[in-house]
There are 2 protein chains.
Amino acid sequence: MWATSCGAATEADHRAREILTRVGDKWSVIVLYQLGEDTMRFTELLRTVPGISQRVLAVTLRGLERDGLVSRTVHPVVPPHVDYRLTPLGETLKETVTSLVRWTHEHLDDIDRARESYDETNGGPPRRPAVPDSDLRSR
Amino acid sequence: MWATSCGAATEADHRAREILTRVGDKWSVIVLYQLGEDTMRFTELLRTVPGISQRVLAVTLRGLERDGLVSRTVHPVVPPHVDYRLTPLGETLKETVTSLVRWTHEHLDDIDRARESYDETNGGPPRRPAVPDSDLRSR
DNA sequence: CGGTATCCTCCTCGATACTG
DNA sequence: CAGTATCGAGGAGGATACCG
C-alpha cells in the first residue's frame, strides 16, 4: 500500500516521513523506551538517559507531548514534582520501540564486525573532508 | 537489563544510542522498508523515495552497507546495473521496521489531532526563533 | 545508469547560566 | 526540581555540476 510502483509523493507519504523523523529521532526512541518501563520524573530521565542535555530532554519531551505520545503531570507541591508517562497512544508504540531497542542490543556485535570488514576492504573509516585550514574566517 | 536504576553511561549504552541514530535516521528507515519489499536499483529507490536527493541516497546506502544491513551488487553491463537488497542481518530488522512504518500510517490522524489540540491550548504551533528579518541576504 | 565532488544553508545538539 | 534563555559549533541535507 505504500511501495506503489509509481513513486508519486502523496500527502500521506510526506506526513509519514515527517512522523518517522520524530519517532526515529535520536533521543525520542530512548525516552519512549524508558517511559515504557515506568512513569518517570524529569531528573530521573536526565540520569537514566546519560548523555542527554537538560535542554534537549525538555525539547524532546515537549515534542512527544505535542504528538500525544507522552503525558505530563504536574503535582502542585514544593519542590515541584512532574511525572511523565506514556499515553494510550504512546502505549501502542511501546512494543515496536521495545523490539527496536532489543534488536540494537542483540546486533551490536554484528554491526561492529560488519563495519570493521567494510572499513578494511575500503580505506579506513569514513574520513573527514579535511578542513582547508584557510577556512577560519573572521571572528 | 537496560533501565538500571543507576544511570551509568556504559559502553554498550553509548553504542546502542549510536546504532539507534543510524536506524532511526530520517531516510534509513524508509530505504530499509522499501528494500524489505523487494530488491531495487539506485534510480528505482530515487523515485520510490520521493524527496531524497541523489547524494543523500548514496550516503544512506553507503551507511547501511557499511553496517551490513544492505548489500550492493554490481552487474558488469553497460549501462551499469546495480542492485540493492537486504542482507540476512538486514532481514532480521525487517519486521521491526515494517511495524514502525505501519504504526506511522495507522496513527497519522491521531498525531494530527493531538498536535492540533496541543497547539490550541498552548499558543499556536512551535514558532521559529523569529528570523531577525535582516537575515535575508542576497539571493 | 550510478554515482562523486563542491558548496552552502539550516537545524540540531551541547554547554552554560539563570528562574519560579 | 524542573525548567527557559542564549550562544556557538557541527553535521545533515539540498542544489548543482561533472565523471566512468
Please report, rounded to the nearest Å, how far the [atom2] atom of [N] is from the [atom1] atom of [X].
{"X": "A:Glu65", "N": "D:dA2", "atom1": "CD", "atom2": "C1'", "result": "13 Å"}
{"X": "B:Tyr84", "N": "C:dC1", "atom1": "OH", "atom2": "C1'", "result": "11 Å"}
{"X": "A:Leu61", "N": "C:dC13", "atom1": "CG", "atom2": "P", "result": "13 Å"}

Does atom CZ of B:Arg115 have more than 12 heavy-atom neighbours, drawn from other residues, nucleotides or ligands, at distances under 6.0 Å?
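Yes.
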For A:Glu95, does the CD atom have more than 12 heavy-atom neighbours from other residues, nucleotides or ligands under 6.0 Å away?
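Counting neighbours around CD of A:Glu95, 12 or fewer heavy atoms of other residues, nucleotides or ligands fall under 6.0 Å, so no.
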Considering heavy-atom distances to DNA chain D, does B:Thr60 or A:Glu44 have its closest nucleotide positioned more toward the 5' end?
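By nearest-heavy-atom nucleotide position, the 5'-most residue is A:Glu44.
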Report the residue (A:Ala58 or B:Val59) whose heavy-atom-nearest nucleotide on DNA chain D is the more 5′ of the two.
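Looking at DNA chain D, the more 5' nearest nucleotide goes with A:Ala58.
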Could you tell me whether a side-chain N or O of B:Arg17 sits under 3.5 Å from a main-chain N or O of A:Val49, the two making a donor and an acceptor?
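Side chain of B:Arg17 to backbone of A:Val49: no pair is present.
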Show me the protein contacts with nucleotides 14-20 of chain D, counting only N or O atoms at under 3.5 Å.
none

Of A:Leu86, A:Leu89, A:Val31, which meets side-chain contact (heavy atoms from CB on, under 4.5 Å) against A:Leu69?
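Testing A:Leu69 for a side-chain contact (heavy atoms from CB on, under 4.5 Å) against A:Leu86, A:Leu89, A:Val31 leaves exactly one candidate, A:Leu89.
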Over 60° means perpendicular and under 30° means parallel, so tell me whether B:Tyr84 and B:Phe42 are parallel, tilted or perpendicular.
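Rings of B:Tyr84 and B:Phe42: tilted, 30 to 60°.
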Looking at OH of A:Tyr33 and CZ of A:Arg102, how far apart are the two atoms once the value is rounded to the nearest 0.5 Å?
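Separation between the atoms: 8.0 Å.
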